[in-house]
Amino acid sequence: MTFAAIICFTIAGLCGLYRLLVGPDLADRIMALDVSLISLMGAITVDSARRNDPTNLIMLAVIAIVGFTATLAGTRFIEGPSTQKETK
Amino acid sequence: MSTVGSLLMLLGGIVALLAGLGILRLPTTYARFHAAGKASPVSFLIAAVGAGFQLGLASSGYLVLSAIAMTLTLPVGVHFLFRAVSATSSSDHLVVDDLASDQT
């Protein structure tokens with residue numbers, strides 16, 4: 001039954017990948033990366049539960065924080081040069 | 001494998017599928033963000049609870065840590081993304097645009 005859960009998370013990641021390739025707007029692509037990162041987190045959780053060893057669970061917090069930072073960097077990039085003033 | 005844990009993980013997978021479907025099929029950018037920003041963290045939280053049942057108390061600390069980290073940071077990121085989209089692209093299809101009145 002948990003193998004079906006891994007398949008569901010993989011399909012969610014593939015939907016994010018599809019939106020990444022097709023997405024009309026740059027913001028769509030950033031959101032698609034975010035969705036696939038979170039489905040990757042879910043797949044890691046299910047996989048470590050299936051193998052019953054919590055070694056690679058620490059990756060989850062790393063992915064959460066890195067995904068958040070990437071989203072913020074993307075939004076600063078979207079808003080264009082006005083927000084990237086040289087801070088003296 | 002505790003059945004409750006695997007059932008919850010399957011439910012998390014199904015919610016992740018709904019998030020993926022929302023990303024694919026919803027027409028406007030805002031609707032897609034709404035689906036992604038809300039459904040995907042819920043799917044991870046449900047899967048984390050399921051995995052917590054399976055992995056026992058010692059290692060579910062990692063799950064709690066990552067759940068808290070994600071729940072705190074993801075809405076902020078999606079909020080910034082919404083602001084960036086409303087600042088750059090045309091949002092005339094919106095019925096109520098509160099942000100537009102702020103900028104004047």
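A note on names: the letters A, B, ... follow the listed sequences, proteins ahead of strands, and every chain is numbered from 1. Just so you know, these numbers use all the heavy atoms, side chains as well, and skip hydrogens, waters and symmetry mates.
Only the side chain of A:I65 comes within contact range of chain B, with at least one heavy atom under 4.5 Å from a heavy atom of that chain. In this structure, no portion of A:S36 lies under 4.5 Å from any heavy atom of chain B. Heavy atoms closer than 4.5 Å to chain B are found in the side chain of A:L72, but not in its backbone. For B:A19, no part lies under 4.5 angstrom from a heavy atom of chain A.
The candidate from A:P54, A:G13, A:A70 with the greatest count of non-hydrogen atom pairs under 4.5 Å with chain B is A:P54. Considering only heavy-atom pairs separated by less than 4.5 Å from chain B, the leading option among A:T45, A:T69, A:D25 is A:T45. Each of B:G20, B:A67, B:S43, B:S66 has some count of heavy-atom pairs under 4.5 Å with chain A, and the biggest count is that of B:S66. Heavy-atom pairs under 4.5 Å with chain B were tallied for A:L57, A:I7, A:I6; the largest tally goes to A:L57.
The environment of B:Y62 atom OH is sparse: at most 12 non-hydrogen atoms of other residues, nucleotides or ligands sit within 6.0 angstrom. Residue A:R51 qualifies as enclosed at atom CZ: its count of foreign heavy atoms under 6.0 Å is above 12. Within 6.0 Å of atom CG in B:L57, 12 or fewer heavy atoms from other residues, nucleotides or ligands are found, so the atom counts as exposed in its surroundings.
With values rounded to the nearest 0.5 angstrom, B:T29 atom OG1 is found 11.0 Å from A:L26 atom CG. Rounded to the nearest 0.5 Å, atoms CD1 (A:I78) and CZ (B:R83) are 13.0 Å apart. One finds the CG atom of A:L60 at 9.0 Å from the CG atom of B:L65 (value rounded to the nearest 0.5 Å). Annotation: the span from A:L37 atom CG to B:F44 atom CZ amounts to 12.0 Å, rounded to 0.5 Å. Between atom CE of residue A:M31 and atom CZ of residue B:R32 there is a gap of 11.5 Å, rounded to the nearest 0.5 Å.
Cluster annotation: A:I11 is not connected to B:L21 through the hydrophobic network of ILVMFWY side chains, with a link wherever side-chain heavy atoms come within less than 4.5 Å. Cluster membership check: A:I63 does not share its hydrophobic cluster with B:L72, using side-chain heavy-atom separations under 4.5 Å among Ile, Leu, Val, Met, Phe, Trp and Tyr. Cluster membership for B:L63 and B:I68, using ILVMFWY side-chain heavy atoms within less than 4.5 angstrom, is not shared. With hydrophobic clusters built from ILVMFWY side chains whose heavy atoms lie under 4.5 angstrom apart, B:L11 shares a cluster with B:V4. Cluster membership check: B:F80 does not share its hydrophobic cluster with A:L33, using side-chain heavy-atom separations under 4.5 Å among Ile, Leu, Val, Met, Phe, Trp and Tyr.
Contact of the A:F68 side chain with the B:V76 side chain is registered, since non-hydrogen atoms from C-beta on lie closer than 4.5 Å. Proximity of A:T2 to B:L10: side-chain heavy atoms (C-beta onward) are nowhere separated by under 4.5 Å. Between B:L81 and A:D34 the shortest side-chain heavy-atom distance does not fall below 4.5 Å. The shortest side-chain heavy-atom distance between A:T71 and B:V78 does not fall under the 4.5 Å cut-off.
Nearest approach of B:Q54 to A:N52, heavy atoms of both residues: NE2-ND2, 3.5 Å. B:V85 and A:A27 make their closest contact through CG2-CB, 3.2 Å (heavy atoms, listed as atom of the first residue, atom of the second, distance).
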Give the C-alpha distance, both sets of side-chain angles, the deciding distance and a yes or no for side chain to side chain contact (heavy atoms under 4.5 Å, CB included) between A:F9 and B:L17. CA-CA 7 Å; A:F9 278 115; B:L17 271 184; over 6 Å; no
